Amino acid sequence: QVQLVESGGGLVQPGGSLRLSCIVSGGIFGNYAMGWFRQRPGLEREFVAAISWNSDYTDYVDSVKGRFTISRDNARNTVTLQMNSLKPEDTAVYYCGADRYGVEASRDTDDYEYWGQGTQVTVSS
């Protein structure tokens with residue numbers, strides 16, 4: 001079975017940075033498109049960023065463009081989300097997702113077959 005384990009969340013002040021990591025096991029990581037999503041209480045899970053299997057394509061929601069960077073290392077079965085200039089509205093549980101059929105990337109949660117447990121990011125003074 002494919003498993004995703006996320007880490008790196010925590011409490012940070014506005015303007016600060018965090019780096020989230022997701023380690024994938026049990027599958028062929030290099031074949032998967034990967035994505036990061038976030039969810040705030042009472043709201044739908046929201047697309048944040050995605051990356052194709054070979055890193056040739058990335059996609060970001062407008063609210064994080066220029067601040068967040070998604071990357072992957074297929075040799076280490078990891079995908080990361082570097083988050084800079086964090087804002088209070090970035091506060092959410094962040095989830096890593098794997099799309100085993102994705103050649104490029106997708107913004108649709110239904111395209112992702114595997115998910116991590118989520119990691120809490122809190123941006124507050």
Side-chain angles (χ1 to χ4, degrees):
Q1 57 181 350
V2 176
Q3 296 183 355
L4 284 66
V5 180
E6 300 154 320
S7 62
L11 175 64
V12 65
Q13 294 183 341
S17 297
L18 285 173
R19 185 177 179 89
L20 306 183
S21 296
C22 176
I23 302 175
V24 181
S25 63
I28 306 175
F29 175 78
N31 289 351
Y32 305 153
M34 301 294 298
W36 286 97
F37 295 75
R38 64 189 180 188
Q39 188 168 20
R40 287 169 279 194
L43 300 178
E44 299 278 343
R45 189 169 297 186
E46 175 190 30
F47 169 79
V48 177
I51 188 167
S52 62
W53 71 275
N54 61 357
S55 299
D56 284 348
Y57 175 82
T58 57
D59 190 24
Y60 300 90
V61 67
D62 286 345
S63 61
V64 309
K65 287 181 179 178
R67 300 189 297 120
F68 291 11
T69 302
I70 188 171
S71 61
R72 67 190 295 163
D73 185 343
N74 287 354
R76 297 180 180 271
N77 290 0
T78 60
V79 60
T80 64
L81 185 69
Q82 179 66 46
M83 304 185 294
N84 299 327
S85 302
L86 283 162
K87 304 175 180 179
E89 52 262 43
D90 294 319
T91 296
V93 177
Y94 283 71
Y95 296 90
C96 176
D99 177 4
R100 62 182 175 180
Y101 303 116
V103 176
E104 299 292 337
S106 176
R107 296 188 171 204
D108 190 348
T109 59
D110 291 339
D111 288 336
Y112 292 80
E113 289 78 26
Y114 308 105
W115 295 93
Q117 80 287 350
T119 184
Q120 177 71 48
V121 172
T122 302
V123 184
S124 176
S125 300

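Predicted model, so just to flag it, every value in this text is computed and none were measured.
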Using side-chain heavy atoms (C-beta onward) and a distance below 4.5 Å, is [X] in contact with [Y]?
X	Y	result
Cys22	Tyr95	no
Leu86	Leu18	yes
Ser55	Ser71	no
Ile51	Glu104	no
Val121	Leu20	yes
Trp115	Arg45	yes
Thr80	Ser21	yes
Leu81	Thr69	no

Can you tell me if Glu89 has over 12 outside heavy atoms packed within less than 6.0 Å of its CD?
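Yes.
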Are Asn54 and Ser52 close enough, and set up right, to give a side-chain hydrogen bond (donor to acceptor under 3.5 Å, both in side chains), and what steps lead you there?
CA-CA 6 Å; Asn54 61 357; Ser52 62; 3.1 Å; yes
Which atom pairs, donor and acceptor, lie under 3.5 Å between side-chain atoms of residues 24-33 and protein residues at least two apart or in another chain?
from: Tyr32; atom 1: OH; to: Ile28; atom 2: N; distance (Å): 3.3

Between the side chains of Asn84 and Ser17, does any donor sit under 3.5 Å from an acceptor?
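Side chains of Asn84 and Ser17: pair found under 3.5 Å.
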Salt bridge (charged side-chain N to carboxylate O under 4.0 Å, His left out): which pairs involve residues 13-23, sequence neighbours left out?
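Qualifying pairs: none.
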Pairs flagged by salt bridge (charged side-chain N to carboxylate O under 4.0 Å, His left out) wherever residues 58-69 is involved - sequence neighbours left out:
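Applying salt bridge (charged side-chain N to carboxylate O under 4.0 Å, His left out) to every pair that reaches into residues 58-69, excluding sequence neighbours, yields Asp59-Arg107, Asp62-Lys65, Arg67-Asp90.
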Determine whether a donor-acceptor pair (N or O, by modelled atom type, separation under 3.5 Å) exists between the side chain of [X] and the backbone of [Y].
X	Y	answer
Tyr112	Arg100	no
Thr119	Gly9	yes
Gln13	Val123	no

Results of salt bridge (charged side-chain N to carboxylate O under 4.0 Å, His left out) for Glu46 - residues two or more places apart only:
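Here the qualifying residues are Arg38, Arg40.
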According to salt bridge (charged side-chain N to carboxylate O under 4.0 Å, His left out), who are the partners of Arg76, at least two apart in sequence or on a separate chain?
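Checked Arg76 against salt bridge (charged side-chain N to carboxylate O under 4.0 Å, His left out); matches are Asp73.
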Which atom pair, heavy atoms only, marks the closest approach of Gln120 to Val93?
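Scanning both residues completely, I find the closest heavy atoms to be OE1-CG2, 3.3 Å.
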Looking only at heavy atoms, which two atoms of Gly116 and Glu6 are closest? And how far apart?
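Nearest heavy atoms, Gly116 then Glu6: C-OE1, 3.4 Å.
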Verify the cluster assignment for Tyr114 and Met34: are they in a single hydrophobic cluster under the rule of side-chain heavy atoms below 4.5 Å apart?
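Yes, it is one cluster - the side chains of Tyr114 and Met34 are joined through contacts under 4.5 Å.
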Of all pairs that satisfy ring-ring contact (aromatic ring centres under 6.0 Å, His included), the ones with a partner from residues 38-87, not counting sequence neighbours
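As it turns out, the ring-ring contact (aromatic ring centres under 6.0 Å, His included) pairs with a partner in residues 38-87, which skip direct neighbours, are Phe37-Phe47.
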